[in-house]
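Just so we're clear, the structure is a prediction, and the values are computed from it rather than from any experiment. Sequence lines set the chain letters: A, B, ... in the order given, protein chains first and strands last, and positions in each chain run from 1.
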There are 2 protein chains.
Amino acid sequence: MTSVDEYAKVDLQIVEQLKTIVGEQYVFVDEESLSRYAHDETENLHFPPEVVVKPRTTEEISAIMKLCNEKLIPVTPRGAGTGLAGAALADKGGVLLSTERLNSILNIDERNHQVTTEPGVITEVLMEEVKKLGLFYPPDPSSRGSCFIGGNISANSGGPKAVKYGVVRDYVLNLEVVLPNGEVIWTGANVLKYSTGYNLTHLIVGSEGTLGVVTKIVLRLIPLPKYDLLMLVPFKNLEQAGEAVSEIFRAGFVPSGLELVEIDALQIVSKMVDSSAVPLTDDTAAHLIIEVDGNDMDVLMKDMEAIGELLTKYDIGELYFADDAQQKAELWKLRRRVAEAVKMVGYTIEEDTVVPRAELPALIKGVKALGKEYDFNVVCYGHAGDGNLHIRIHKEGTPNSYGDAEMAKCLRAMFALVHGLGGTISGEHGVGLIQKGYMDIVMKEANLKLMREIKRAFDPNNILNPGKIFDL
Amino acid sequence: MTSVDEYAKVDLQIVEQLKTIVGEQYVFVDEESLSRYAHDETENLHFPPEVVVKPRTTEEISAIMKLCNEKLIPVTPRGAGTGLAGAALADKGGVLLSTERLNSILNIDERNHQVTTEPGVITEVLMEEVKKLGLFYPPDPSSRGSCFIGGNISANSGGPKAVKYGVVRDYVLNLEVVLPNGEVIWTGANVLKYSTGYNLTHLIVGSEGTLGVVTKIVLRLIPLPKYDLLMLVPFKNLEQAGEAVSEIFRAGFVPSGLELVEIDALQIVSKMVDSSAVPLTDDTAAHLIIEVDGNDMDVLMKDMEAIGELLTKYDIGELYFADDAQQKAELWKLRRRVAEAVKMVGYTIEEDTVVPRAELPALIKGVKALGKEYDFNVVCYGHAGDGNLHIRIHKEGTPNSYGDAEMAKCLRAMFALVHGLGGTISGEHGVGLIQKGYMDIVMKEANLKLMREIKRAFDPNNILNPGKIFDL
């Protein structure tokens with residue numbers, strides 16, 4: 001059991017062997033290809049692999065892993081490259097293993113409300129396919145139109161529906177996984193309840209491609225709710241908006257979406273889109289976007305009315321109801337565009353903090369205060385119902401990249417605040433390359449030691465996505 | 001990293017040291033005490049420990065673990081002793097660590113819908129306490145009136161509500177755990193979304209006390225549904241009852257309970273209780289018990305009516321509605337008493353199989369056929385909505401214990417059938433001592449190897465509940 005820092009290089013012989021395994025046309029060493037796979041959606045990261053390989057089958061992936069394990073070549077598995085933590089980047093060189101050709105939905109089992117899929121299927125494609133049969137796969141990250149379901153499993157993604165329906169982990173029943181030594185296992189069974197030994201399935205979910213390459217995925221599905229309603233509530237006081245979030249749950253409602261966007265983010269996005277439909281008065285401090293869904297429209301109307309009534313005790317502006325499908329889509333689009341907009345105006349680092357729901361106002365307040373103290377600008381938005389707040393920051397006079405010492409100071413202060421509120425570093429993006437230097441803030445060395453030992457159990461040669469989450 | 005089979009004995013010096021740690025009155029070596037902790041609810045198991053210790057605090061448990069780890073003494077953590085797989089039995093002697101004095105609910109956080117509790121709290125007590133505040137903790141195993149919440153976590157318990165609300169794992173946010181070397185960690189954070197390194201929390205859940213001793217538990221809660229309705233449907237054909245189960249979900253309903261009891265079990269239980277309320281005609285093949293819950297009575301009535309209407313296409317008897325709280329309680333009591341009744345008439349071994357929901361008819365049919373082939377009697381009942389079927393068997397002329405070779409042959413045949421249907425050995429009871437000989441049927445050696453390595457990562461001296469789930 002060794003920690004290997006000295007990896008072998010990908011030489012011509014290895015390239016030939018890879019071509020034998022997957023076919024000549026699916027092995028790439030040209031600069032353009034390497035460069036295309038050198039980044040994901042994380043800021044300022046660029047790590048070209050030595051070779052890009054695009055296998056089609058489990059057997060091919062098994063053969064690749066056997067080869068690389070034997071030759072001590074690092075392998076970085078990668079989905080659509082939409083990650084926000086650098087987890088799919090080949091920062092140690094070696095083989096970039098793209099799952100883009102494992103892109104078939106293998107079986108939709110209507111009788112059991114399950115779908116078996118390959119990892120390279122786009123999340124939205126999967127959602128739409130099962131929807132045709134009246135079934136629902138809820139976890140939909142902002143990038144759902146481009147991200148892969150395999151990547152979602154790697155990061156344990158969430159999205160706006162998680163507040164009612166849970167995250168990816170809550171839908172994964174069973175996984176086919178190629179282990180670093182090339183052996184292929186199923187982690188569990190296609191069942192709703194499982195108490196048969198250690199939970200390998202949910203250990204793989206969220207492990208960011210460090211324990212095995214997921215090649216088949218069995219997801220549970222639920223009946224598609226027939227109706228939904230969407231409401232926007234402008235708050236004049238940010239803290240009250242935060243309080244209202246937990247108040248809604250305490251009154252017994254479970255919205256299918258409960259998003260918060262604070263004024264700094266609203267102002268930025270309102271300048272970038274031509275949407276007169278969105279109310280933004282001078283005294284707005286934050287918007288809550290509230291969605292309810294279900295099978296009975298009368299109940300939804302009644303619920304939404306009751307929620308509206310509940311909120312009148314706060315200092316709010318005029319409620320805005322999205323009346324039809326188009327208005328709803330526009331409102332959601334606006335919400336989804338927030339991250340994009342703030343990024344374009346120069347807020348360069350996005351964090352993915354999560355705290356207990358009711359601590360959200362304290363988190364936002366605290367982060368703003370830290371911004372003043374450490375001299376950085378900050379905008380907040382996110383899945384308020386889950387306590388999952390995305391924070392984009394920008395610090396003048398720094399390169400605004402994760403390795404920067406000044407920026408690191410800000411981030412450490414921010415994560416210490418998050419930890420103090422009972423929260424943690426990442427709710428749905430993962431740790432990858434960019435957060436691993438901060439893990440000591442939220443957990444003991446003993447936790448990291450256990451994780452390292454688990455990594456060694458799966459990957460004694462440390463060849464699969466090495467150096468992500470932690471260093472061995 | 002060694003596999004220790006030669007453990008040290010608990011001598012007088014160790015007993016003295018234990019007394020120093022927890023106080024003299026909480027260390028027991030008298031035969032009566034040892035005998036009381038020698039069994040759980042599994043048939044025919046009797047393993048007295050060398051000493052019973054009843055600590056009160058995390059610190060005391062940490063000190064016990066340090067001592068035993070150093071001296072190589074096996075430690076068996078134990079909750080209420082209601083387990084059905086022998087996981088809390090000290091079959092290697094050593095220290096029996098009872099969590100019964102860690103019995104406080106530490107904090108009900110209404111703002112965040114969370115409860116922090118010690119492991120020795122009775123599940124029903126916890127449910128009732130949070131209910132007073134309008135909150136709901138759904139997982140309620142049949143033994144909820146006596147089992148501990150810590151034991152539920154150890155086994156990843158389910159219960160009848162799991163079909164709508166999920167199992168214990170779906171409610172555990174964070175755990176304080178004493179590791180085998182005495183170190184204390186929190187496994188995660190008190191948050192609804194977590195993507196910050198490997199998921200240690202859900203690795204501990206279902207690990208049957210082999211990886212650490214859980215000393216504090218943070219559970220998420222949900223708003224308590226205001227109403228429920230309960231209906232009993234007699235089926236004249238067992239396979240149709242099974243089909244109806246998946247039909248209900250396919251029509252878009254998600255009942256909060258969906259239980260199946262087949263005729264052999266019904267006949268036994270009807271002889272034992274004086275319940276004329278339960279319809280049992282000559283042509284009954286099975287009962288489905290269907291519960292719906294929610295916040296709007298009109299919707300529930302409509303849903304239940306629609307489900308009833310849906311079922312008229314099958315060959316069913318007269319629907320029976322439980323009209324008031326008392327009738328509901330009686331019906332559930334009857335369901336809960338099934339296991340007890342069949343046990344009393346001599347069905348001695350209970351299995352906890354689980355298959356994809358729609359395979360339930362095939363499972364029941366297959367098990368009955370195997371009963372004829374291998375000459376054992378069998379009754380079935382369980383959480384049909386989850387595909388989780390409890391099967392009690394009895395074989396004439398054998399001691400009807402798990403070690404018996406004839407019985408083992410029956411069980412292997414049954415588990416092979418379960419595996420063939422896409423299912424597995426245990427849905428909610430765990431593997432413990434009694435199922436570990438059958439793990440090879442449902443998983444590869446590679447899976448077991450990973451589990452063993454994980455065990456070694458947590459417990460290199462193999463002193464914590466050794467030999468449960470698998471042998472090292």
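Contacts of A/N388 with chain B are made by side-chain atoms alone, with heavy-atom separations under 4.5 Å and no backbone atom involved. Residue contact with chain B, scored on non-hydrogen atoms closer than 4.5 Å, involves the backbone and the side chain of A/M451 alike. At a 4.5 Å heavy-atom cutoff, the contact between B/I425 and chain A is made by backbone and side-chain atoms alike. Proximity to chain A is limited to the side chain of B/V254, based on heavy atoms less than 4.5 angstrom apart. For a residue to count as touching a neighbouring chain, one of its non-hydrogen atoms must lie under 4.5 Å from one of that chain's; by this rule B/F470 touches chain A with the side chain only. Looking at A/K455, the atoms closer than 4.5 Å to chain B (heavy atoms on both sides) sit in the backbone and in the side chain alike. For a residue to count as touching a neighbouring chain, one of its non-hydrogen atoms must lie under 4.5 Å from one of that chain's; by this rule A/R220 does not touch chain B. Within the 4.5 angstrom heavy-atom criterion, only side-chain atoms of A/E208, from C-beta onward, approach chain B. For a residue to count as touching a neighbouring chain, one of its non-hydrogen atoms must lie under 4.5 Å from one of that chain's; by this rule A/H383 touches chain B with the side chain only. Of the two parts of B/E183, only the side chain, counted from C-beta on, holds a non-hydrogen atom closer than 4.5 Å to a non-hydrogen atom of chain A. Only the backbone of A/A155 comes within contact range of chain B, with heavy atoms under 4.5 Å apart. With a 4.5 angstrom heavy-atom cutoff, B/R169 touches chain A only via side-chain atoms. Both the backbone and the side chain of A/V431 come within contact range of chain B, with heavy atoms under 4.5 Å apart.
In terms of heavy-atom pairs under 4.5 Å with chain B, the best-connected choice from A/G197, A/A162, A/G387 is A/G197. Taking chain A as the reference chain and counting heavy-atom pairs below 4.5 Å, the highest number among B/I469, B/N447, B/N174 is found for B/N447. Interface remark: of the candidates A/K468, A/M439, A/K226, A/M439 forms the most heavy-atom pairs closer than 4.5 Å to chain B. Per-residue heavy-atom pair counts under 4.5 Å with chain B were compared for A/G432, A/A85, A/G206, A/G252, and the maximum is reached by A/G252. For the set A/L224, A/L211, A/V167, the count of heavy-atom pairs under 4.5 angstrom toward chain B peaks at A/L211. Ranked by heavy-atom pairs shorter than 4.5 Å toward chain B, the options A/V184, A/I222, A/V163, A/V245 are led by A/V184.
Side-chain atoms of B/D170 do not come within 3.5 Å of backbone N or O of A/D170 as any donor-acceptor pair. Using a distance-only test at 3.5 Å, with no hydrogens or angles considered, no donor-acceptor pair links the side chain of A/N199 to the main chain of B/L203. The main-chain N or O of B/T196 is never found under 3.5 Å from a side-chain atom of A/S426 such that the two would form a donor-acceptor pair.
One distance of note links OG1 of B/T210 with OH of A/Y198; it measures 2.5 Å at 0.5 Å rounding. Separating the CG atom in B/N181 from the NZ atom in A/K449 is a distance of 7.0 Å, to the nearest 0.5 Å. Interatomic distance, B/K302 NZ to A/N295 CG, rounded to the nearest 0.5 Å: 9.5 Å. Taken to the nearest 0.5 Å, the NE2 atom of B/H202 stands 13.0 Å off from the OG1 atom of A/T201. Atom CG of A/L179 is separated from atom NZ of B/K444 by 8.5 Å, given to the nearest 0.5 angstrom. Between atom CG of residue B/D296 and atom CG of residue A/D303 there is a gap of 8.0 Å, rounded to the nearest 0.5 Å.
Closest heavy-atom contact between B/P356 and A/N112: C-OD1, 3.3 Å. Taking each heavy atom of B/A189 and A/G422 in turn, the nearest pair found is CB-O, 3.7 Å. Contact record, B/G427 with A/S195: O-OG, 3.3 Å, taken as the closest heavy-atom pair. Across every non-hydrogen atom of B/F249 and A/H113, the tightest pair is O-CE1, 3.2 Å.
Few gaps surround CD on A/E445; more than 12 heavy atoms of other groups in view lie less than 6.0 Å from it. No more than 12 heavy atoms of other residues, nucleotides or ligands shown are found within 6.0 angstrom of CE on A/M301.
The side chain to side chain donor-acceptor pair (under 3.5 Å) with A/K193 is formed by just one residue from the set B/N156, B/D352, B/D386; it is B/D386. Screening B/N190, B/V191, B/L192 against A/V354 for a side chain to side chain contact (heavy atoms under 4.5 Å, CB included) leaves a single residue, B/V191.
Side-chain contact check for B/L200 versus A/I454: some heavy-atom pair is nearer than 4.5 Å.
Under a 4.0 Å N-O distance rule, the pair B/R111/A/E359 qualifies as a salt bridge.
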